[in-house]
There are 2 protein chains.
Amino acid sequence: MRPTGRTFARARGAMRDTRAELLLQAETLVRGRGYAGFSYADLAAAVGIRKASIHHHFPTKADLGAALVEAYATRYAAALSEIRAGIPDGPGRIEAYGRLYLGGVEQGLGCLCAALAIEGEALPERLRGDVARFFADHLAWLAAVLGEGQADGSVRLGPDPALLARHVVATLEGALLMERLFASPEAFRGTLALLVDGLRPADR
Amino acid sequence: MRPTGRTFARARGAMRDTRAELLLQAETLVRGRGYAGFSYADLAAAVGIRKASIHHHFPTKADLGAALVEAYATRYAAALSEIRAGIPDGPGRIEAYGRLYLGGVEQGLGCLCAALAIEGEALPERLRGDVARFFADHLAWLAAVLGEGQADGSVRLGPDPALLARHVVATLEGALLMERLFASPEAFRGTLALLVDGLRPADR
DNA sequence: AAAAATCTACCTACTAAATGGTTGGCAACG
DNA sequence: CGTTGCCAACCATTTAGTAGGTAGATTTTT
């Protein structure tokens, strides 16, 4: 099943991208159907590689999962510091943060870490820790941003920034979960607007 | 592997509970690890029955899933009308609604329909419809309750009730997802309080 | 610079265990 | 007697993971 000699030249230049391609396709699969919902066979088919070759890059499925979370978290971290650098006020920053989730709704893909969090007990131990850290990092970033916002008057005073941060993550994760089901980016935008508006100080 | 004759008396009276027990244990499994994350073997072990017997009650896994959603939705529907009957004001009703989710955080169990929604594409077709209906029903109930609240002055005017309803479900689903991971009912309560407070009319 | 050794990326071909599901039977109950 | 509830023993397929190998690139030795 295949000529035997596979002496084809390997496209030149595109040598070292297989790993990245695996991560990309695996992320799409997990976000679309959950961690337990995809197999190495699915991934192999998506990438156009044989199943066994995946094990060369990621010995076990848990290894792949961990790499997935790491890459995802890294991308998010970059986006977060870009937001903080480019936008000055609290509500503006939260709105930009919320728009990161919007992409998922538009592509019909959930949050990677939400998909993993749902599996809970059944998830490989170490992955649970990575996922928890993902959320903790976001909460810390948001608490800092909201705290700054309260200090400069762009965010309403009163609730503890840490509490506000949890509210923000919860609302966005939940909205992504639900509005993906309904394939309704508009509804997501509505919820985001409402959320951001609730952070503004009551004028007068 | 077993004496062959299984002539034991079957506990008397507790004859027809197997189906209910299957639903109960299956719900726990799905809410704890996702739909793709549990098997008929797991369920058989949890109930203390042989795998094949499950198929007698639920021919396919999709049948089981559908029955699960139906039972879950029915229980919720009962709780919702009880809330509406027993509590007069908008915020109070929403708070009671939110407390329905709190149980999940305390038991370490997510929302059944959130677990199913995450699987998205991979989910048996008909289940997707059932799950969507579950959310749509909640949104309708909430929109009605919030509309009433606006009419009687217990809920702030301004945002469309349908929009507020989406915000409420999103926040609670997201908070359940996240706070279950952190095993933090207190944090859930905090988010719920913040959510309910945001619904109150600005005094003065 | 040529030859030898090692490494990288992938393959085919397997395996043991688990998956959802089927068949046919048996016993108890109404 | 027929229905209901359960079971043992299957089944085909899929699962994650392994074994062993091959071709080409890279590095090391001569």
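Lettering follows sequence order; numbering is per chain, from 1.
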Taken to the nearest whole Å, CG/A:L22 to C1'/C:dA9 is 11 Å
Looking at D:dG17, C:dC11, C:dA9, which one has an atom nearest to any side-chain atom of A:H57?
-> C:dA9
Taking atom C1' of D:dA23 as reference, at what distance in whole Å does atom NE2 of A:H56 sit?
-> 14 Å
Separation of D:dA16 atom P from A:L29 atom CG, nearest Å, is 11 Å
Between D:dT4 atom C1' and B:I49 atom CD1, what is the distance in whole Å?
-> 13 Å
Can you check the B:R50 CZ to C:dA27 C1' distance for me, whole Å?
-> 16 Å
Is the A:F182 ring parallel, tilted or perpendicular to the B:F135 ring (thresholds 30°, 60°)?
-> perpendicular
Under 30°, 30 to 60°, or over 60°: which ring-plane class applies to A:F134 and A:H138, parallel, tilted or perpendicular?
-> tilted
Pick base, sugar-phosphate or nothing for B:S39, based on heavy-atom distances below 4.0 Å to the nucleic acid.
-> sugar-phosphate
Consider the side chain of A:A52, meaning its heavy atoms from C-beta on, and name the nucleotide among C:dG21, C:dC11, D:dC6 that approaches it most closely.
-> C:dC11
Calculate the interatomic distance between A:L64 atom CG and D:dG17 atom C1'; express it in whole Å.
-> 14 Å
Gap between atoms NZ and P, on B:K51 and C:dG20 respectively (whole Å) = 8 Å
Do the non-hydrogen side-chain atoms of B:R126 and B:D63 ever get within less than 4.5 Å of each other?
-> yes
Using only side-chain N and O atoms of A:S53, determine if any of them is under 4.0 Å from OP1 or OP2 of C:dA9.
-> no
Check the distance between D:dC11's P and B:Y40's OH and give it to me in whole angstrom.
-> 21 Å
Within a strict 4.5 Å, meaning less than it, do heavy atoms of the B:V69 and B:R133 side chains meet?
-> no
Using modelled atom types only, decide if a donor and an acceptor are shared between the side chain of B:E173 and the backbone of B:C111 within a distance under 3.5 Å.
-> no
A:T18 side chain near C:dA9 phosphate (N/O to OP1/OP2, under 4.0 Å) | no
With a 4.0 Å cut-off on heavy atoms, is A:F38 in touch with a base, just the backbone sugar-phosphate, or nothing at all?
-> sugar-phosphate
